[in-house]
**Student:** 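Input: one structure, supplied below.
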2 protein chains.
Amino acid sequence: MPVVSGGQSKPPAIRRIASLAPLSDAEISMLARASAEWTHLTARREFVIEGDPVPQMQILLSGWVASVRQLADGRRQILGFLLPGDIIGLCPQPEPLALSTLTSLTDVSVCPAPRSAPHGSLARAYAMAKALDEAHHLAHICRVGRLNAQERLADLLLELHDRLELAGLTDGGSFELPLTQEILADALGLTQVHVNRTLQLMRRSGDLDWKERRVTLHDPSALAVKIGRDRVRVSALQSPAV
Amino acid sequence: MPVVSGGQSKPPAIRRIASLAPLSDAEISMLARASAEWTHLTARREFVIEGDPVPQMQILLSGWVASVRQLADGRRQILGFLLPGDIIGLCPQPEPLALSTLTSLTDVSVCPAPRSAPHGSLARAYAMAKALDEAHHLAHICRVGRLNAQERLADLLLELHDRLELAGLTDGGSFELPLTQEILADALGLTQVHVNRTLQLMRRSGDLDWKERRVTLHDPSALAVKIGRDRVRVSALQSPAV
DNA sequence: CGAGTACTTGACGGGCGTCAAATGATGTGG
DNA sequence: CCACATCATTTGACGCCCGTCAAGTACTCG
């Protein structure tokens, strides 16, 4: 659960938001206060529905969420994943409608996102978050449009690794991946069976390991080079991470 | 080229922007004045490069632009198309870097986009434009991830039709499509050869016609139903068009 | 009229989907 | 603590959609 830890370091979600812009102490404590009002959500709940009005802006504090579209005949496409520190309902237009359904993949906790002052650092952090969202969507188009199964898997896992790293949720190349192969398949535009086969291949070639909900990329940067992946950059002010 | 016509109706680009929010007369004439300072660009020029700083915000007045990513080994993925009335360089974050390369597919004219007052209708129009961009990107993920070749083609052509309609650039189900089959292939995650074959099929089944750079969808709404496509909606304030 | 570009068509192969079933995990109640 | 249901992973056989390679046919333009 979201515990604002005693004295040591920031909780993952806040740590990640703070990495987007140099927040003031006042802004950090706004976030800390907001995260005290967290709510809980169990796994497999559709808590935002495509086409419905977008609810109050929220911060995902812990757990994983998928942004999903379902086709009439049952096919599903996962548009992206939301990780701790990601913002829900960040839409500049008036009376926004949700562009996708949000489903909790795990137990999840969220809290209301503090309103930002017009020109403060928090507003900048939100703008960066929105831009990163867009960058991830574009990366996903490329993945699904032009990469083969192995490249898709590697590329997605590397993106998730980079994003989780900013929240302090990685341990070297290793991190928790609370997804089933079927969910990966729906994200990558593949079938569950083929994802499985591709994973076997990558395990045997030593690229990764995956047991008990934990993935280990044996050499993330080598893998990134191998498939020709660049890190995401959306602003010149940004360190060359995420 | 961009002629602010004598007395009759608004030029396509302005017409489309005005469809996003109820602009005041003052705002409309700001747009008209801005469009008088248009610049020209010939076809096949990369005028924004991925990773470079984003230039001054501009309005695409006429012509088609592709948002492109090129992989190291030569594969290309087109992330989306920009049509007259679309905004270039609309990024809220500070010192933004371009997330994709912009290539003119035809001769193109652009003009600087007027700065919007903080809470005016023009700001709302820009916010809507940004939201529509996002919606189109998400639609593209689904297309490329889960639709087969025929569905991809139909879905993309329907989207382009709907967007051009708002600019007054359609004639029933028919509109100019200044794209080669190779460019369509790069957008749809297919090969040029397979796009060709798919087009033949759809021609023979009576779904569409395409000669001399002009496509005709014989029955757009029937086609939309056939492939299970909904129109894009990003705000409750929006009429159920585009 | 020749060169370039876009479109068309055919033959063939492979990556990935489909169908089906076995094996292994996880959890719940008796 | 075991019986049993449920869910996730694994594996095999087979086939199709789409990619690849190659050649031929229009168009356009200098």
Side-chain angles (χ1 to χ4, degrees), chain A residues 42-44 64 66 71 73-78 103-107 143-156 176-205 208-215 227, chain B residues 42-44 64 66 71 73-78 103-107 143-156 176-205 208-215 227:
Chain A
T42 57
R44 293 158 195 267
W64 285 49
L71 308 196
D73 62 356
R75 284 176 288 184
R76 283 204 322 170
Q77 176 67 46
I78 292 184
T103 306
S104 58
L105 298 172
T106 63
D107 283 12
R143 250 196 303 269
V144 167
R146 278 293 176 236
L147 303 191
N148 65 29
Q150 284 205 45
E151 293 167 331
R152 286 185 213 186
L153 245 168
D155 191 61
L156 176 59
E176 280 237 357
L177 187 70
L179 307 179
T180 65
Q181 295 180 357
E182 186 178 10
I183 288 177
L184 269 180
D186 282 339
L188 296 176
L190 299 168
T191 59
Q192 181 267 326
V193 172
H194 199 70
V195 165
N196 183 287
R197 283 194 246 266
T198 306
L199 279 170
Q200 314 281 352
L201 272 181
M202 297 180 72
R203 277 198 263 247
R204 280 182 215 126
S205 66
L208 58 79
D209 217 352
W210 184 9
K211 23 184 152 147
E212 291 141 33
R213 329 212 100 196
R214 174 162 284 268
V215 172
I227 65 165
Chain B
T42 57
R44 291 159 195 267
W64 285 49
L71 308 196
D73 62 356
R75 285 176 286 184
R76 283 204 322 169
Q77 176 66 48
I78 293 185
T103 306
S104 59
L105 298 173
T106 63
D107 283 11
R143 248 194 306 267
V144 167
R146 278 292 177 236
L147 303 192
N148 65 29
Q150 284 206 46
E151 293 167 330
R152 285 185 213 186
L153 245 169
D155 191 61
L156 177 58
E176 280 239 357
L177 187 71
L179 307 179
T180 66
Q181 296 180 355
E182 186 178 9
I183 288 176
L184 268 180
D186 282 339
L188 296 176
L190 299 167
T191 59
Q192 182 267 327
V193 173
H194 198 70
V195 165
N196 182 289
R197 283 195 245 266
T198 305
L199 279 171
Q200 313 283 353
L201 273 183
M202 297 180 72
R203 278 199 263 247
R204 280 181 215 128
S205 65
L208 58 79
D209 218 351
W210 183 10
K211 25 186 152 152
E212 292 140 33
R213 329 212 100 197
R214 174 163 285 267
V215 171
I227 65 165

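Residue numbering restarts at 1 for every chain, and letters A, B, ... go by the order of the sequence lines. Remember, predicted model here, so these are calculated numbers, not experimental data.
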**Student:** Is the number of heavy atoms from other residues, nucleotides or ligands within 6.0 Å of CD (A:E182) greater than 12?
**Tutor:** no
**Student:** CD of B:E182 versus P of C:dT5: gap in Å, rounded?
**Tutor:** 11 Å
**Student:** Measure the distance from NE2 on A:H194 to C1' on D:dT11 and round it to the nearest whole Å.
**Tutor:** 14 Å
**Student:** Does any donor atom in the side chain of B:Q192 or B:N196 lie under 3.5 Å from an acceptor atom in the other side chain?
**Tutor:** no
**Student:** Which nucleotide in the set D:dC18, C:dA6, C:dC16 lies at the smallest distance from any side-chain heavy atom of B:T180?
**Tutor:** C:dA6
**Student:** Record whether the side chain of A:R197 comes under 3.5 Å of the base of D:dG12 through a donor-acceptor pair of N or O atoms.
**Tutor:** yes
**Student:** To the nearest Å, how far apart are A:Q192 CD and C:dA20 C1'?
**Tutor:** 13 Å
**Student:** The side chain of A:R44 is closest to which nucleotide in this list: D:dC7, C:dC16, D:dT11?
**Tutor:** D:dC7
**Student:** Reckon A:L190 touches a base, only the sugar-phosphate, or nothing at all at heavy-atom distances under 4.0 Å?
**Tutor:** sugar-phosphate
**Student:** Using whole Å, what does the distance between atom C1' of nucleotide D:dA8 and atom CH2 of A:W210 come to?
**Tutor:** 10 Å
**Student:** Does A:N196 place a side-chain N or O at less than 4.0 Å from the phosphate oxygens OP1/OP2 of D:dT9?
**Tutor:** no
**Student:** Let's see if you can work this out: which of C:dC16, D:dT11, D:dC18 has an atom nearest to the side-chain heavy atoms of A:V193?
**Tutor:** D:dT11
**Student:** Starting from P on C:dG17, measure out to CZ on A:R75 and report it in whole angstrom.
**Tutor:** 12 Å
**Student:** Hey, does A:R146 reach any base, or is it just sugar-phosphate, or nothing, if we go heavy atoms under 4.0 Å?
**Tutor:** nothing
**Student:** Is any side-chain nitrogen or oxygen of A:Q181 closer than 4.0 Å to OP1 or OP2 of D:dT10?
**Tutor:** yes
**Student:** Give the rounded distance in Å between these two atoms: CG of B:L201 and C1' of C:dT8.
**Tutor:** 13 Å
**Student:** Do A:L156 and A:L184 have side chains that get closer than 4.5 Å, going by heavy atoms?
**Tutor:** yes
**Student:** Rounding to an integer number of Å, can you tell me how far A:N148 CG sits from D:dG19 C1'?
**Tutor:** 13 Å
**Student:** At under 4.0 Å between heavy atoms, what does B:Q200 touch on the DNA or RNA strands: base, sugar-phosphate, or nothing?
**Tutor:** sugar-phosphate
**Student:** Which pair of non-hydrogen atoms, one from A:M202 and one from A:A154, has the smallest distance, and what is that distance?
**Tutor:** CE-CB, 3.9 Å
**Student:** Please tell me if A:R203 has a side-chain N or O lying less than 4.0 Å from either OP1 or OP2 of D:dT10.
**Tutor:** yes
**Student:** Looking at A:R213 and D:dT9, is any side-chain donor or acceptor paired with a base atom of the opposite kind under 3.5 Å?
**Tutor:** no
**Student:** For the residue pair B:L190 and B:Q181, establish whether any side-chain heavy-atom pair is separated by less than 4.5 Å.
**Tutor:** no
**Student:** Grab the two heavy atoms, one from B:W64 and one from B:T106, that are nearest each other, plus how far apart they are.
**Tutor:** N-OG1, 2.9 Å
**Student:** Using heavy atoms to find the nearest nucleotide of DNA chain D for A:L179 and B:L147 separately, return the residue whose nucleotide is more 5′.
**Tutor:** A:L179
**Student:** Name the closest nucleotide to the B:A149 side chain, picking from D:dG19, D:dC18, C:dT9.
**Tutor:** D:dC18
**Student:** Measure the distance from CG on A:L153 to C1' on C:dC16 and round it to the nearest whole Å.
**Tutor:** 14 Å
